[in-house]
Amino acid sequence: MPSRDGPRVNEEIRVPQVRLIDQDGEMQGVMTAREALVRAYDVGLDLLEISPNAVPPVCKILDYGKYKYEQQKKANEARKKQKVVEIKEIKVRPNIDDHDYDTKMKQMKGFIDDGDKVKVTLRFRGREMAHQELGVKVLERIRTDLGEVIKVESMPRLENRQMVMVLAPK
């Protein structure tokens with residue numbers, strides 16, 4: 001029989017004894033799994049294994065369909081609340097103009113405030129490769145200007161004709 005995800009229900013519970021909690025949340029004590037199942041069927045509900053690792057396993061009488069629905073709702077709620085961290089890329093040049101630099105800084109601050117990571121790509125063209133220290137200066141300036149709100153996830157490194165640095169919000 002293929003095992004499916006989630007707790008075991010009704011006939012799938014194959015242990016000699018269980019600790020039963022009834023539909024009102026009252027502790028009924030230890031009994032055979034068969035007896036617990038009969039009690040669940042008497043009230044028209046299901047027997048659900050809540051903590052399979054306990055000795056004996058704890059089972060509860062409840063409506064399995066309703067239980068599954070509640071779990072689904074909880075999962076959706078949790079998914080709604082979590083934020084997907086994106087990596088935003090900002091491209092700069094070694095000889096970037098002050099005004100352009102300010103605009104890029106504003107964008108980067110916005111991304112960091114939204115909780116996204118920022119990948120700063122500094123592109124060298126032609127003979128600029130001979131003056132990589134200019135590129136390093138620009139990246140250092142970005143790092144100092146963003147200051148305390150960021151942590152550097154990967155230090156500037158050269159990948160063929162560009163330098164890449166990844167910043168993450170603190």
Side-chain angles (χ1 to χ4, degrees), residues 1-92 102-122 139 142-157 159 162-170:
M1 176 181 144
S3 70
R4 38 166 256 276
D5 49 336
R8 295 188 291 187
V9 187
N10 298 340
E11 273 81 17
E12 294 171 13
I13 303 170
R14 290 203 181 88
V15 287
Q17 290 195 313
V18 298
R19 185 176 301 277
L20 182 70
I21 300 171
D22 69 9
Q23 62 276 21
D24 305 320
E26 298 291 318
M27 178 63 72
Q28 296 298 315
V30 179
M31 60 183 67
T32 65
R34 178 95 344 273
E35 194 181 331
L37 196 57
V38 168
R39 283 197 189 187
Y41 285 159
D42 284 346
V43 289
L45 294 171
D46 301 300
L47 187 67
L48 180 82
E49 191 173 45
I50 293 178
S51 56
N53 299 333
V55 180
V58 179
C59 293
K60 188 172 184 178
I61 296 177
L62 45 71
D63 183 345
Y64 184 59
K66 193 170 166 186
Y67 171 81
K68 259 188 4 189
Y69 172 73
E70 294 292 332
Q71 295 300 93
Q72 188 71 39
K73 252 172 67 171
K74 272 187 205 158
N76 286 345
E77 228 16 74
R79 197 166 35 250
K80 231 180 253 170
K81 285 191 176 98
Q82 70 185 177
K83 178 171 188 343
V84 178
V85 175
E86 290 181 53
I87 295 187
K88 304 288 190 175
E89 187 173 16
I90 296 278
K91 292 184 176 170
V92 291
D102 295 338
T103 307
K104 301 269 186 191
M105 274 316 276
K106 221 177 268 166
Q107 275 186 311
M108 278 187 263
K109 280 188 180 123
F111 292 149
I112 295 286
D113 291 343
D114 290 345
D116 291 322
K117 293 180 182 181
V118 177
K119 177 181 176 184
V120 185
T121 307
L122 185 123
L139 291 178
I142 289 172
R143 205 169 80 191
T144 51
D145 286 358
L146 283 172
E148 291 303 306
V149 293
I150 55 125
K151 65 175 187 277
V152 180
E153 204 160 86
S154 73
M155 291 306 263
R157 64 180 186 281
E159 295 174 357
Q162 55 191 17
M163 264 185 186
V164 178
M165 173 171 73
V166 179
L167 308 171
K170 259 202 173 127

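Below, each value reflects all heavy atoms present in this structure, side chains not excepted, and no hydrogens, waters or symmetry copies. Numbers here are sequence positions counted from 1.
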Problem set entry | R39 side chain to Q28 side chain, donor-acceptor N/O pair below 3.5 angstrom | yes

Exercise. Any side-chain donor-acceptor pair under 3.5 Å between Q17 and T32?
Worked result: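 Side chains of Q17 and T32: no pair found under 3.5 Å.
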
Enter the distance from [X]:[atom1] to [Y]:[atom2] here, rounded to the nearest 0.5 Å.
| X | Y | atom1 | atom2 | result |
| --- | --- | --- | --- | --- |
| L20 | C59 | CG | SG | 7.0 Å |
| T121 | K91 | OG1 | NZ | 6.5 Å |
| D145 | M108 | CG | CE | 9.0 Å |
| I112 | K170 | CD1 | NZ | 11.0 Å |
| K106 | F111 | NZ | CZ | 13.5 Å |
| L167 | E153 | CG | CD | 9.0 Å |

Problem set entry | Pairs involving residues 41-52, ordered by first then second residue, that meet side-chain hydrogen bond (donor to acceptor under 3.5 Å, both in side chains) (sequence neighbours left out) |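 Every pair satisfying side-chain hydrogen bond (donor to acceptor under 3.5 Å, both in side chains) with a residue in residues 41-52: R8-E49, N10-D46, E11-Y41.
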
Validation row: [X], [Y] side chains within 4.5 angstrom (heavy atoms):
| X | Y | answer |
| --- | --- | --- |
| K119 | M165 | no |
| V120 | V164 | no |
| P7 | L48 | yes |
| L146 | K109 | yes |
| I150 | R143 | yes |
| V166 | V152 | no |
| I61 | L45 | yes |
| I13 | V15 | yes |

Problem set entry | D24 side chain vs E26 backbone, donor-acceptor pair below 3.5 Å |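 It does not hold such a pair.
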
Exercise. Is the NZ atom of K80 crowded by more than 12 outside heavy atoms at less than 6.0 Å?
Worked result: no

For this session: Test E77 against K81 for salt bridge (Lys or Arg N to Asp or Glu O under 4.0 Å), laying out the working first.
Result: CA-CA 6 Å; E77 228 16 74; K81 285 191 176 98; 3.6 Å; yes

For this session: Assess whether salt bridge (Lys or Arg N to Asp or Glu O under 4.0 Å) is satisfied between K117 and E86, documenting all intermediate values.
Result: CA-CA 6 Å; K117 293 180 182 181; E86 290 181 53; over 6 Å; no

Problem set entry | Chi angles and distances behind the side chain to side chain contact (heavy atoms under 4.5 Å, CB included) call for R157, M163 | CA-CA 5 Å; R157 64 180 186 281; M163 264 185 186; over 6 Å; no

